[in-house]
Colleague: 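What follows is a structure written as structure tokens; I'll ask about it next.
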Amino acid sequence: MDAQTLQGLLTSVSDYSAVRYTNVAFLALLIYDHILTFSDEVSKIWTLPWRPPKISFLINRYLVPPMLLFDGLTPSMHLGKNVCNFIGDWTSWPTVLSIGTVDVILILRVSAIYGRCKRVTHCLIAFFLCTLGAWIILDVMITKGTSSMPGGEVFTGCLFMAPDYFYAAWIPPVVFETVIIVLTVYKISQADSMTPTLTILARDSIVYFTMIFVMLLSNLFLARFGKGFQGALLIEPCSVVACIAVARMTLNIRDSKQTIPLVSGGPRTTELHFEADVSELTVGTNLSSV
């Protein structure tokens with residue numbers, strides 16, 4: 001083995017170790033956040049009616065994390081060819097599911113900020129379905145073009161060879177998140193004053209959007225310009241951040257249980273109704289929760 005080949009192997013081992021340790025660190029963060037917020041979840045979420053916010057919350061709370069644990073811990077195991085093929089076929093779907101449920105929450109919030117304007121809501125839903133469809137199609141194409149093999153004696157886990165264009169899978173979610181935050185910032189900038197509820201909606205939407213957007217953009221950058229295992233460095237952390245974002249956004253808005261104006265200073269005032277006995281947040285009268 002010449003010096004150049006040896007150096008390349010050592011670099012790959014180092015990058016692979018970075019992926020493993022990063023996955024474990026973010027999974028520990030996810031478990032820690034789950035423990036911290038479990039009592040709030042029981043009191044504020046379990047009593048909600050079965051509507052999109054609750055469904056999105058529970059998907060990211062109890063469906064996605066086990067998938068992420070499996071996906072994050074397998075790089076530390078010695079696996080066979082069949083298991084590696086299975087992991088290669090499904091490893092991207094936890095990310096699609098977690099980011100997708102975050103987007104549902106963000107759509108509901110932007111819709112609320114815009115006073116449940118049907119045109120805005122319908123356009124957001126249509127745009128979300130288009131970007132989600134594009135993401136899924138790209139994932140399927142990339143999955144079919146990806147080959148996998150066990151690490152053998154050199155690595156634990158599996159080795160994957162993805163096509164050169166696999167970075168394109170990150171473009172649809174980046175575009176959608178950009179549109180969401182632009183709409184949010186624009187509407188907030190048009191408000192004459194910031195009520196407590198609008199502050200919560202704006203703060204959470206912008207803060208967690210920024211976190212997710214940075215993770216998605218970083219994944220796009222690493223997938224496009226990273227070498228070897230660097231392209232997989234932030235895939236698992238991106239899903240973890242999405243899970244935490246859904247939980248925190250839902251729990252934070254549930255902390256308010258009062259009726260206050262959403263946007264004031266205009267000819268029309270939209271209100272958010274927090275019903276303690278029903279435990280749901282609505283905009284206007286008898287509308288769906290946020």
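Model, not experiment: these values are computed from the prediction.
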Colleague: Please answer whether the main-chain N or O of Leu183 pairs with a side-chain N or O of Tyr114 as donor and acceptor at a distance below 3.5 Å.
Modeller: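 Confirmed, Tyr114 side chain pairs with Leu183 backbone.
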Colleague: Test side-chain contact (heavy atoms from CB on, under 4.5 Å) on Asp103 and Glu177 and set out the steps.
Modeller: CA-CA 8 Å; Asp103 289 340; Glu177 302 293 334; 2.3 Å; yes
Colleague: Under a 3.5 Å distance rule, please check whether Ser43 uses its side chain to pair with a backbone N or O of Asp40 as donor and acceptor.
Modeller: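 Flag set: sc Ser43 to bb Asp40 pair under 3.5 Å.
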Colleague: Would you find a donor on one side and an acceptor on the other, under 3.5 Å apart, between the side chain of Ser189 and the backbone of Tyr186?
Modeller: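 Yes, Ser189 side chain to Tyr186 backbone: donor-acceptor pair under 3.5 Å.
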Colleague: In the hydrophobic clustering (ILVMFWY, side-chain contacts below 4.5 Å, transitive), which residues join Ile137, or is it alone?
Modeller: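 In the cluster with Ile137 are Met141, Ile142, Tyr165, Phe166.
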Colleague: Return the set of residues passing salt bridge (charged side-chain N to carboxylate O under 4.0 Å, His left out) with Arg20 (not counting sequence neighbours), or none when no residue passes.
Modeller: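 So Arg20 forms no salt bridge (charged side-chain N to carboxylate O under 4.0 Å, His left out) with any residue.
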Colleague: Would one find more than 12 heavy atoms of other residues, nucleotides or ligands at under 6.0 Å from atom CE of Met211?
Modeller: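 Buried by this count: over 12 neighbours within 6.0 Å.
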Colleague: Using side-chain heavy atoms (C-beta onward) and a distance below 4.5 Å, is Leu29 in contact with Ile244?
Modeller: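 Yes, at least one pair of side-chain atoms sits under 4.5 Å.
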Colleague: According to the disulfide bond (SG atoms under 2.5 Å apart) rule, which pairs have a member within residues 201-234, sequence neighbours left out?
Modeller: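 As it turns out, there is no disulfide bond (SG atoms under 2.5 Å apart) pair with a partner in residues 201-234 once direct neighbours are skipped.
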Colleague: Leu36, Phe57: one ILVMFWY side-chain cluster at the under-4.5 Å cut-off?
Modeller: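 No, because Leu36 and Phe57 fall into different hydrophobic clusters, even though each may have its own neighbours under 4.5 Å.
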Colleague: Does Trp170 form a side-chain contact (heavy atoms from CB on, under 4.5 Å) with Arg224? I'd like the steps, not just the answer.
Modeller: CA-CA 10 Å; Trp170 297 106; Arg224 178 64 180 87; over 6 Å; no
Colleague: Please test Arg61 against Thr250 for side-chain hydrogen bond (donor to acceptor under 3.5 Å, both in side chains), starting from the C-alpha separation and ending with a verdict.
Modeller: CA-CA 12 Å; Arg61 196 74 159 175; Thr250 307; over 6 Å; no
Colleague: Search all heavy atoms of Ile99 against all heavy atoms of Cys238 and return the closest pair with its distance.
Modeller: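 Looking at all heavy atoms of both residues, the shortest contact is CD1-SG, 3.9 Å.
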Colleague: Filter on side-chain hydrogen bond (donor to acceptor under 3.5 Å, both in side chains), then keep only pairs touching residues 117-128, sequence neighbours left out; what's left?
Modeller: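 Checked against side-chain hydrogen bond (donor to acceptor under 3.5 Å, both in side chains) - neighbours excluded - the pairs reaching residues 117-128 are Ser111-Thr121.
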Colleague: When you compare the side chain of Leu63 with that of Leu58, does any pair of heavy atoms fall below 4.5 Å?
Modeller: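 Side-chain contact under 4.5 Å: no.
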Colleague: Quick one: does Thr91's side chain get under 4.5 Å of Phe86's, heavy atoms only?
Modeller: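 Contact flag for Thr91/Phe86 side chains = no.
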Colleague: Distance from Thr95 atom OG1 to Leu216 atom CG, nearest 0.5 Å?
Modeller: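 It is 9.0 Å, given to the nearest 0.5 Å.
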Colleague: Would you say Phe213 and Thr178 make side-chain contact, with heavy atoms under 4.5 Å?
Modeller: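 Of all side-chain heavy-atom pairs linking Thr178 with Phe213, at least one is under 4.5 Å.
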Colleague: Is any side-chain heavy atom of Leu234 closer than 4.5 Å to a side-chain heavy atom of Pro237?
Modeller: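 Result yes, sub-4.5 Å side-chain heavy-atom pair found.
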Colleague: Report yes or no: do Val110 and Leu129 belong to one cluster of Ile/Leu/Val/Met/Phe/Trp/Tyr joined by side chain heavy-atom distances under 4.5 Å?
Modeller: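 The answer is yes; both residues are in one hydrophobic cluster.
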Colleague: Are any non-hydrogen side-chain atoms of Cys158 and Thr74 less than 4.5 angstrom apart?
Modeller: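 They are not in contact (no side-chain heavy atoms under 4.5 Å apart), so the answer is no.
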Colleague: Between atom OG1 of Thr184 and atom CD1 of Ile206, what is the distance when rounded to the nearest 0.5 Å?
Modeller: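 Those atoms lie 6.5 Å apart.
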Colleague: Is there any salt bridge (Lys or Arg N to Asp or Glu O under 4.0 Å) pair reaching into residues 237-248, and which pairs are they, with sequence neighbours excluded?
Modeller: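 Qualifying pairs, neighbours excluded: Asp33-Arg248.
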Colleague: What pair of heavy atoms forms the shortest contact from Pro150 to Gly80, and how long is it?
Modeller: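 Scanning both residues completely, I find the closest heavy atoms to be CG-C, 3.7 Å.
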Colleague: State the CG-OG distance between Asp139 and Ser92, to the nearest 0.5 angstrom.
Modeller: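 Output value for this atom pair is 4.0 Å.
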Colleague: To the nearest 0.5 Å, tell me how far Lys54 NZ sits from Leu48 CG.
Modeller: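 Here the rounded value is 6.0 Å.
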Colleague: To the nearest 0.5 Å, how far apart are OG in Ser98 and CD1 in Ile212?
Modeller: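 Result: 8.5 Å between the selected atoms.
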Colleague: Could you grab the distance from atom CZ of Phe176 to atom SG of Cys130, nearest 0.5 Å is fine?
Modeller: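 Here the rounded value is 10.5 Å.
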Colleague: Please test Leu79 against Ile87 for side-chain contact (heavy atoms from CB on, under 4.5 Å), starting from the C-alpha separation and ending with a verdict.
Modeller: CA-CA 10 Å; Leu79 304 171; Ile87 294 174; 3.7 Å; yes
Colleague: Quick one: does any side-chain atom of Ser56 pair with a main-chain N or O of Pro53 as donor and acceptor, under 3.5 Å?
Modeller: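 Side chain of Ser56 to backbone of Pro53, a donor-acceptor pair under 3.5 Å: no, none is there.
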Colleague: Does Phe221 CZ have over 12 foreign heavy atoms under 6.0 Å away?
Modeller: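 No, CZ of Phe221 has 12 or fewer neighbouring heavy atoms, counting only those of other groups under 6.0 Å.
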Colleague: Hydrophobic clusters here meaning ILVMFWY residues chained together by side-chain heavy-atom distances under 4.5 Å, can you tell me if Val207 and Ile181 are in one?
Modeller: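 Result: yes, single cluster for both.
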Colleague: Are any side-chain N or O atoms of Lys187 and backbone N or O atoms of Ile113, one a donor and one an acceptor, separated by less than 3.5 Å?
Modeller: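 Here the side-chain-to-backbone pair does not exist.
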Colleague: Kindly indicate whether the side chain of Met149, heavy atoms from C-beta on, has any atom under 4.5 Å from the side chain of Phe160.
Modeller: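 No, their side chains stay 4.5 Å or more apart.
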Colleague: Under a single-linkage definition using a 4.5 Å side-chain heavy-atom cutoff for Ile, Leu, Val, Met, Phe, Trp and Tyr, are Val214 and Leu222 assigned to the same hydrophobic cluster?
Modeller: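 Each belongs to a different hydrophobic cluster.
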Colleague: Do the side chain of Thr131 and the main chain of Phe128 share a donor and acceptor less than 3.5 angstrom apart?
Modeller: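 Answer holds: yes.
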Colleague: More than 12 foreign heavy atoms under 6.0 Å from CZ of Phe70: is that the case here?
Modeller: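 Yes.
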Colleague: Check Asn219 against Gly231 and note the closest heavy-atom contact, atom names and distance.
Modeller: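 Minimum heavy-atom separation between Asn219 and Gly231: OD1-O, 4.4 Å.
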Colleague: Can you tell me which residue pairs pass the salt bridge (Lys or Arg N to Asp or Glu O under 4.0 Å) test with a partner in residues 71-93, sequence neighbours excluded?
Modeller: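 Found none.
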Colleague: For the residue pair His34 and Phe38, does the interplanar ring angle fall in the parallel (under 30°), tilted (30 to 60°) or perpendicular (over 60°) class?
Modeller: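 Ring orientation of His34 relative to Phe38: parallel.
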Colleague: Output yes when a side-chain donor or acceptor of Trp135 lies under 3.5 Å from a complementary backbone atom of Pro173, and no otherwise.
Modeller: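 Looks like no, no N/O pair under 3.5 Å.
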Colleague: So if you build clusters from Ile, Leu, Val, Met, Phe, Trp, Tyr with side-chain heavy-atom gaps below 4.5 Å, do Tyr62 and Val240 land together?
Modeller: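 The answer is yes; both residues are in one hydrophobic cluster.
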Colleague: As a quick check of understanding, evaluate side-chain contact (heavy atoms from CB on, under 4.5 Å) for Arg116 and Leu108, giving each step before the final call.
Modeller: CA-CA 9 Å; Arg116 293 296 184 190; Leu108 293 171; 4.2 Å; yes
Colleague: So, do Leu68 and Glu236 sit near enough that their side-chain heavy atoms are less than 4.5 Å apart?
Modeller: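 Yes. Closest side-chain heavy atoms under 4.5 Å.
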